[in-house]
Amino acid sequence: MHDPTEPIARNSPLDELLPLLQRLDQLLEQATAAAQIVYGAAAAQDPYRGLHVNLEETEQLLQRKPAAPVFELNSQLPDRPISNLIESGSRLARLIETFELSDFDIDVIAIALAPELDRRYERLYAYLQDDVRCKRPSVDLALNLLCDSAADKLARRIHFSADAPLVRHHLLHLVSESDRAPTTLLACELHLEDRVVRFLLQQPGLDDRLAPFCQLIHPTISPSNLYLNTEIKQALTTLVIEDWRPQKPLQLYFQGCDRASKHLASEALAATVNAPLLSVNLAKIAENKANFAATLDSICREAWFQNALLYLDGFDALPNDRTILDEDLMRAIAQHKSITILAGIQPLIPDAAVPVEMITIQFPIPDFAQRRTCWQTQLKTAEISIEPAELDTLLDVLADRFRLTPHQITSAVKNAGNAMRWHAAAEKKTDNTLLLFASARARSGSDLTALARKIEPQYTWNDIILPADHQTQLREICNQTKYRNLVYQEWGFDRKLSLGKGLNVLFSGPPGTGKTMAAEVIAGELQLDLYKIDLSQMVSKYIGETEKNLNRIFTAAANSNAILLFDEADALFGKRSEVRDAHDRYANIEIGYLLQKMEEYEGLAILTTNLRGNMDDAFVRRLRFIIEFPFPNEQQRRQIWEKVWPDRTPCSSDLNLDFLARRFEITGANIRNIALAAAFLAADDGRAIEMNHLIHAVRREYQKLGRILMEADVILPD
């Protein structure tokens with residue numbers, strides 16, 4: 001990663017490597033002259049050198065000193081140390097400084113690198129190793145070229161041990177000449193890591209082996225373009241410009257559910273320090289747990305070679321049994337010597353086994369003002385026209401109602417724009433505002449889909465029949481959602497409340513009295529999605545499972561921008577019992593856990609129950625509204641009978657709705673069932689719905705309810 005205070009080296013790869021290659025050529029020239037004496041003049045003419053051994057060659061081998069270098073050239077090596085041959089700030093200089101390489105190590109790198117640049121070195125190495133098959137340099141050849149005595153040759157073997165810099169950092173691989181049988185260290189071939197070769201030759205691109213889970217990005221985004229809190233943007237810029245310098249590790253933890261903003265912030269930081277961004281998907285790496293640590297090491301080296309800022313995404317996506325993986329991850333981060341960013345959703349818990357000093361930076365969902373600005377900018381960019389008189393109100397509602405990330409807002413506007421173009425092409429009349437709301441809803445609640453059933457609201461205020469005060473309370477619920485930002489943010493109530501900012505509502509009453517219908521009316525009024533959760537399916541007999549189920553629901557709902565309808569609340573929200581045994585104790589823990597999650601939840605949650613008397617006092621205290629849905633009286637039943645028919649339904653003029661409302665004391669749900677059954681009976685008869693169809697349907701509904709219907713009850717008045 002380039003330090004803005006230092007000049008950028010402009011030399012070509014050959015300019016940097018030429019002094020090393022010239023030094024190597026001198027060694028090889030001296031070694032070739034010595035080889036003519038050691039091997040004999042005829043050796044150069046033998047096309048099968050190394051494939052057979054004759055008696056004359058055997059005698060020559062027996063005359064050599066044990067373990068001594070073949071050529072003994074060190075007395076004739078160039079006097080200048082390698083440090084004088086390497087330009088400061090070059091890639092070779094960085095390699096030496098970072099991995100603490102010695103002059104001997106650099107000579108070994110030159111020997112191994114040469115065949116990558118010129119194939120003539122392969123023929124020279126084959127001759128010097130007295131074997132036409134040995135075109136790659138071996139450990140023995142390197143020691144013969146660089147050592148002047150047997151003692152020196154033995155001492156220098158340490159440069160090829162597992163702890164040596166070249167091997168420990170995987171810069172050099174020792175490759176056995178045979179996969180079938182073990183070989184000696186001297187016989188091992190020297191292979192530079194491909195990434196080292198590409199680094200020294202200044203070849204761009206990502207290592208192909210890392211491509212499945214890494215992406216190299218050359219960002220151009222500026223921190224000023226991020227929809228982040230001004231203090232966060234300033235602090236991030238200060239960290240990487242003023243407090244950080246190359247070779248001084250900087251480890252950050254980006255915490256929050258706004259994945260796109262975290263990634264964009266990382267790109268902006270990389271652009272600030274004039275570096276690419278190496279973005280890594282940790283979940284994909286973890287699919288192969290056995291190679292997790294080795295892959296992380298390769299990635300860290302790649303980040304170093306690319307001079308890139310390292311971004312590790314998906315910390316929370318690692319498997320549950322992740323203790324060892326976490327240790328490997330933290331160890332890799334601790335050893336990385338540049339800027340590392342780890343991204344996750346949950347708070348980072350320090351690992352005592354591998355302490356890493358990471359700076360946690362929160363990435364919350366943008367506040368109302370930032371969301372409003374983002375909506376306004378994206379609408380303007382997409383050239384979506386909204387009536388000027390409606391625009392300000394629309395922006396306020398979209399920003400207040402939907403807690404979306406900038407990425408989600410951008411996507412919602414693009415999707416709405418595409419829908420508008422399609423409607424225009426199809427010459428369909430459309431409401432741009434409704435399309436924007438629909439697109440915003442589509443960007444929310446995806447995590448809830450697998451845990452709850454989405455309900456498409458069908459009812460409006462005209463459909464629900466309730467006492468006037470009950471309808472007023474339902475409208476007050478809507479208003480508390482509509483004016484949430486005004487009261488909490490602008491009027492300051494947010495600073496007075498740590499919990500309980502959400503809107504928790506209880507609908508109680510007999511089945512069929514309109515509790516679910518009321519939830520649909522509210523969802524339609526607020527233009528929010530409605531998800532129905534059956535709490536009877538959440539409760540588990542196994543200890544701890546109920547809490548896990550509830551936690552999944554509330555975690556998924558945290559940024560769903562949806563209304564939660566908890567049905568069958570009686571299954572869990574009953575009075576907390578006295579503790580008589582372990583089951584009672586854990587049942588109370590489940591209820592306490594639910595109370596805690598409801599206080600933390602900031603959205604609208606509607607609970608339905610048939611038995612209000614079973615509610616615990618502590619639970620009732622946490623509810624903002626409690627609405628009792630009464631059994632409909634005769635007047636209300638008459639209104640329900642009148643509104644139950646769709647506009648296009650053919651109804652006979654002799655329908656006596658007054659008689660039906662007076663004679664049959666049933667709920668709105670029963671009335672709906674009867675009307676639907678009567679419609680099918682009329683369809684079968686091929687005529688409009690008549691009273692005989694309704695009376696027949698009433699009999700069937702009473703049979704379902706297990707109630708007795710007397711003949712006198714169905715006799716119509718004259």
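The figures that follow rest on heavy atoms only: side chains count, while hydrogens, waters and symmetry mates do not.
- Across all their heavy atoms, Ala303 and Leu278 have their closest contact at N-CD2, 3.7 Å.
- For the 3.5 Å distance criterion, the side chains of Asp25 and Tyr121 qualify, holding a donor opposite an acceptor.
- Taking all atoms of both residues into account, the shortest heavy-atom contact from Leu192 to Ala112 is CG-CB, 3.8 Å.
- Note that CG of Leu264 is 4.5 Å distant from CD1 of Ile221, once rounded to the nearest 0.5 Å.
- Nearest heavy atoms, Lys233 versus Leu226: NZ-O, 3.2 Å.
- Here the side chain of Ser266 pairs a donor or acceptor atom with the backbone of Lys262 at under 3.5 angstrom.
- Under the 30°/60° scheme for interplanar angles, the aromatic rings of Phe99 and Trp304 are found to stand perpendicular.
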Report the C-alpha separation of Leu95 and Ile109 in whole Å, then their side-chain angles, then the decisive distance to 0.1 Å, and conclude whether the side chain to side chain contact (heavy atoms under 4.5 Å, CB included) test is met. CA-CA 11 Å; Leu95 200 69; Ile109 287 177; 3.9 Å; yes

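- The aromatic rings of Phe104 and Phe160 sit perpendicular, their planes meeting at an angle over 60°, well past the 30° parallel limit.
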Ser298 vs Arg301, test: side-chain hydrogen bond (donor to acceptor under 3.5 Å, both in side chains). Steps then yes/no. CA-CA 5 Å; Ser298 297; Arg301 285 197 305 277; 3.3 Å; yes

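- The distance from the CZ atom of Arg91 to the CZ atom of Arg94 is 7.0 Å, given to the nearest 0.5 Å.
- The shortest heavy-atom contact between Gln251 and His336 is NE2-O, 4.3 Å.
- With rounding to the nearest 0.5 Å, the separation of CG in Leu154 from CG in Leu143 is 9.0 Å.
- Arg195 has its side chain out of reach of Leu171: every pair of non-hydrogen atoms, C-beta onward, lies at least 4.5 Å apart.
- Here the options are Gln215, Glu267, His263, the test is side chain to side chain donor-acceptor pair (under 3.5 Å), and the partner is Ser279; only His263 passes.
- The shortest heavy-atom contact between Leu404 and Gln408 is CA-OE1, 3.4 Å.
- Among residues two or more places apart in sequence or in another chain, the ring-ring contact (aromatic ring centres under 6.0 Å, His included) test is passed with His407 by none.
- Minimum heavy-atom separation, Ala268 to Pro223: CB-N, 3.7 Å.
- Rounded to the nearest 0.5 Å, atoms CG (Leu146) and CG (Asp152) are 9.0 Å apart.
- Look at Glu189 and Arg133 and you find no salt bridge, because none of the NZ, NE, NH1 or NH2 atoms lies under 4.0 Å from a carboxylate O.
- You'll find the side chain of Ile158 stays beyond 4.5 Å of the side chain of Asp163, heavy atoms only.
- Distance check, rounded to the nearest 0.5 Å: SG of Cys134 to CD of Glu122 gives 12.0 Å.
- A side-chain contact (heavy atoms from CB on, under 4.5 Å) with Ile299 holds for exactly one of Asp207, Leu282, Leu310; it is Leu310.
- For Arg120, the CZ atom sits in a packed shell: over 12 heavy atoms of surrounding residues, nucleotides or ligands are nearer than 6.0 Å.
- Checking side-chain atoms of Gln306 against main-chain N and O of Pro276 turns up no donor-acceptor pair under 3.5 Å.
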